[in-house]
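The structure's right below; bear with me while I get my questions together.
Heavy-atom basis, side chains included; hydrogens, waters and symmetry copies ignored.
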Amino acid sequence: MRASEKVFKEKWNFPHCVAAIDGKHVRIKAPAHKGSEFFNYKKYQSVVLLALVDGNQKFVCVDVGQYGRVSDASVYSNSTIGKRLTSLNMGIPPDEDLTGRNLPYVIVGDEAFPLKKYLMRPYPRCARRLTEDERIFNYRLSRSRNTVENTFGILANTWRVYHSPLECRIELADKIILATVLHNYTRQLTTQTNLATVEEQTNETNVFIPIRIELEKIRLLLQEVSDNECNNFDESSDNESDICEQLLENSDTEQFDNSDDDNLTFSDQADVLIGKDNKTIWKKTVANKNVRTRIQNIVTHSPGPKLIAKQMKSSIDCFNFIVNNVILNLVTKCTNIYIGKVQHKYKNTSLCRLTDVVEIQAVIGLLNIAGSFRASKEHLVDLWAVDGTGIDIFHSTMSLDRFLSLIRCLRFDDINDRA
C-alpha cells in the first residue's frame, strides 16, 4: 500500500492515496429464467467486476458476480471489498502527518461511492459554483481515479473475450473474468520484474514464491477448470462445450480453421494475406457496399420538432409544453385522492397533507433537475445535504421527507376507477 501511495503522489499528484476503485459491467448472454436481474442501465445483460487498482494500473483486489441491474453503490456495500473496508481490514496504513496535519490514507472513487474517512469522492456537480480549491481537488482526484478506468481498458484490449458477450453459464463467466484479471496481474509483474531476481528475493515476513512456478500452477488450474466445465455440459445446452473451447483461446483476431485448406497453395489464396502464424487470413477486397437498404433504415421524414414544438425557445417552455396545466391538475387531483386513503397510516400528518398544482410542479421539476445534473447515481440524502456538498435548490424547495412522501403518493389516475 505504501509503495502505491508513492506512485499516486509522484505520478498522479494525489498524496496519501493508496488505490482507486470502480466497477465494470462485463457483457454476458442473457441467462435462462433470470428475468431482468442482469439487465443494467446500459441496456444489456452483465455481471459486475468491482476492482481496486494501484498507481501502476495493477489489480489489488477484485469482486465478481453481482447482478448487472444493481447500482455501483449497492455493489460496493454488498461486496467483500466494501465489507472489509468498513471493518478496516484491508491493510490501509494508519494516519500519518501531511503538511503539519494528521491525515488518513484514502481510496479514491467517483460519485457513486459513499464519502468515508478512507474513501474520497469528488465534490458533487451541483447548482452552486465550486470554489477554486474544490475544482482543483476534483481535477486531481479525477486524474487519480482514471487509473482504474485505464486498467479496465487495458484488460479489455488484452483479452478480446470482453469484446463480445460471454456465452456461457454464470458460474463459468465469473471464473473467466477472475482468470483474465489474475493473468493480467501476473503478466504485469513478470514484465516489470526480473524473474531470476524475484526467485531469490525475500521480505521481512515471508518468502516470495517464484513467479514462474505460480504461472505454471495457474495454467494447470485453469486447464483443469475448463476441462471439468466442458465435460459437465451436455450437447443440447446451446453448444456450451464448443463455446467454452472458443473462450479459452487467447486470440487477438479470428482464427481461421485451415483443416480444409491444407492443400491450398499461395496462388489459390492470391486475394488474401496470410498472417505470421500461417493461420490468420485477411481479405484484400473490400466488402460489397452495393446492397439493398433495409426498410427500417430509410428516412422518410426530416428529424426534429414539428408544428408548435418549433416555437419552444427554452427548457422552461419545453417543460410547460409537455407537462401542461391539464396534466398537472389531473395529477394533483388523483394524488390527493390517494393521499386521502393513506393519510391515516402516517403518524406525522404534515408529511402526508394534501398537495396542490404548484407543489406537484415542483416535484416534477426536482426530478428533472436531478437528471439534468446527472445525479442519478447520487443518494437522495446527498442531494438534500445542507453541509455544502448538496444541491441548494433541493433543500430550499421542500424537505426530503415531504419529497419522499409525495413520490410515494404520486398518482396519474383515479384509484377508485381501477378495475
TODO: Please confirm whether the backbone N or O of Gly82 pairs with a side-chain atom of Ser79, one donor and one acceptor, at under 3.5 Å?
DONE: yes
TODO: Identify the two heavy atoms, one from Thr158 and one from Ile154, that lie closest to each other, and give their separation to 0.1 Å.
DONE: OG1-O, 2.7 Å
TODO: Give a yes or no answer on whether the side chain of Ser4 reaches the backbone of Gly55 with a donor-acceptor pair at less than 3.5 Å.
DONE: yes
Open item on the list: If the condition is side-chain hydrogen bond (donor to acceptor under 3.5 Å, both in side chains), which residues does Ser74 pass it with, not counting sequence neighbours?
Closed with: Ser71
Open item on the list: When you compare the side chain of Val26 with that of Leu166, does any pair of heavy atoms fall below 4.5 Å?
Closed with: yes
Task: Residue list, salt bridge (charged side-chain N to carboxylate O under 4.0 Å, His left out) with Glu96, at least two apart or on another chain - done: Arg2
Task: Greater than 12 external heavy atoms within 6.0 Å of Tyr118's OH - done: yes
Task: Residue list, salt bridge (charged side-chain N to carboxylate O under 4.0 Å, His left out) with Lys117, at least two apart or on another chain - done: Asp95
Task: His25 and Tyr41 aromatic ring geometry - parallel, tilted or perpendicular at 30°/60° bounds - done: perpendicular
Task: Residues that Tyr162 engages under ring pair (Phe, Tyr, Trp, His ring centres under 6.0 Å), provided they are two or more places apart - done: none
Open item on the list: Taking salt bridge (charged side-chain N to carboxylate O under 4.0 Å, His left out) as the definition, give me every residue that meets it alongside Arg135, ordered by chain and number, with sequence neighbours left out.
Closed with: Glu132
Task: Test item: Leu88 and Ile92 side chains (from C-beta on) under 4.5 Å apart, heavy atoms - done: no
Task: Side-chain heavy-atom pair Asn40, Val48 within 4.5 angstrom cut-off - done: no
TODO: Please confirm whether the backbone N or O of Asn138 pairs with a side-chain atom of Ser142, one donor and one acceptor, at under 3.5 Å?
DONE: no
TODO: Please identify each residue that fulfils side chain to side chain contact (heavy atoms under 4.5 Å, CB included) with Arg121, with sequence neighbours left out.
DONE: Glu111, Leu115, Glu378, Asp382
TODO: Tell me, please, which residues at least two apart from Val358 pass side chain to side chain contact (heavy atoms under 4.5 Å, CB included).
DONE: Asp356
Task: Minimum-distance pair of heavy atoms, taken over all atoms of Leu410 and Ile360 - done: CD1-CD1, 3.8 Å
Task: Test side chain to side chain contact (heavy atoms under 4.5 Å, CB included) applied to Thr397 - qualifying residues, sequence neighbours left out - done: Ala362, Leu366, Ile393
Open item on the list: What I'd like to find out is whether the side chain of Cys17 reaches to under 4.5 Å of the side chain of Trp12, using heavy atoms alone.
Closed with: no
- [ ] Give a yes or no answer on whether the side chain of Asn146 reaches the backbone of Glu149 with a donor-acceptor pair at less than 3.5 Å.
- [x] no
Task: salt bridge (charged side-chain N to carboxylate O under 4.0 Å, His left out) partners for Glu10, two or more places apart - done: none
TODO: Measure the shortest side-chain to side-chain distance between Asn78 and Gln66 over non-hydrogen atoms and say whether it is less than 4.5 angstrom.
DONE: yes
Open item on the list: Looking at Ser405 and Leu351, would you say the former's side chain and the latter's main chain have a donor-acceptor pair under 3.5 Å?
Closed with: yes
- [ ] Say whether, by atom type as modelled, one donor and one acceptor occur between the side chain of Trp384 and the main chain of Met398 under 3.5 angstrom.
- [x] yes
Task: Aromatic plane relationship, Phe59 with Phe152 - under 30° parallel, 30 to 60° tilted, over 60° perpendicular - done: tilted
Open item on the list: Under 3.5 Å, is there a donor on one side chain and an acceptor on the other for Asp317 and Ser314?
Closed with: yes
- [ ] Would you mind listing every ring-ring contact (aromatic ring centres under 6.0 Å, His included) that reaches into residues 74-112, with sequence neighbours excluded?
- [x] His16-Tyr105, Tyr76-Phe113
Open item on the list: Is any side-chain heavy atom of Arg69 closer than 4.5 Å to one of Glu37?
Closed with: yes
TODO: For atom CG of Asn325, decide whether the heavy atoms of other residues, nucleotides or ligands shown that lie under 6.0 angstrom number more than 12.
DONE: no
Open item on the list: Leu307: which residues meet the side chain to side chain contact (heavy atoms under 4.5 Å, CB included) condition with it, sequence neighbours left out?
Closed with: none
Task: Listed once per pair and sorted, the salt bridge (Lys or Arg N to Asp or Glu O under 4.0 Å) pairs that draw on residues 397-412, sequence neighbours left out - done: Glu359-Arg402
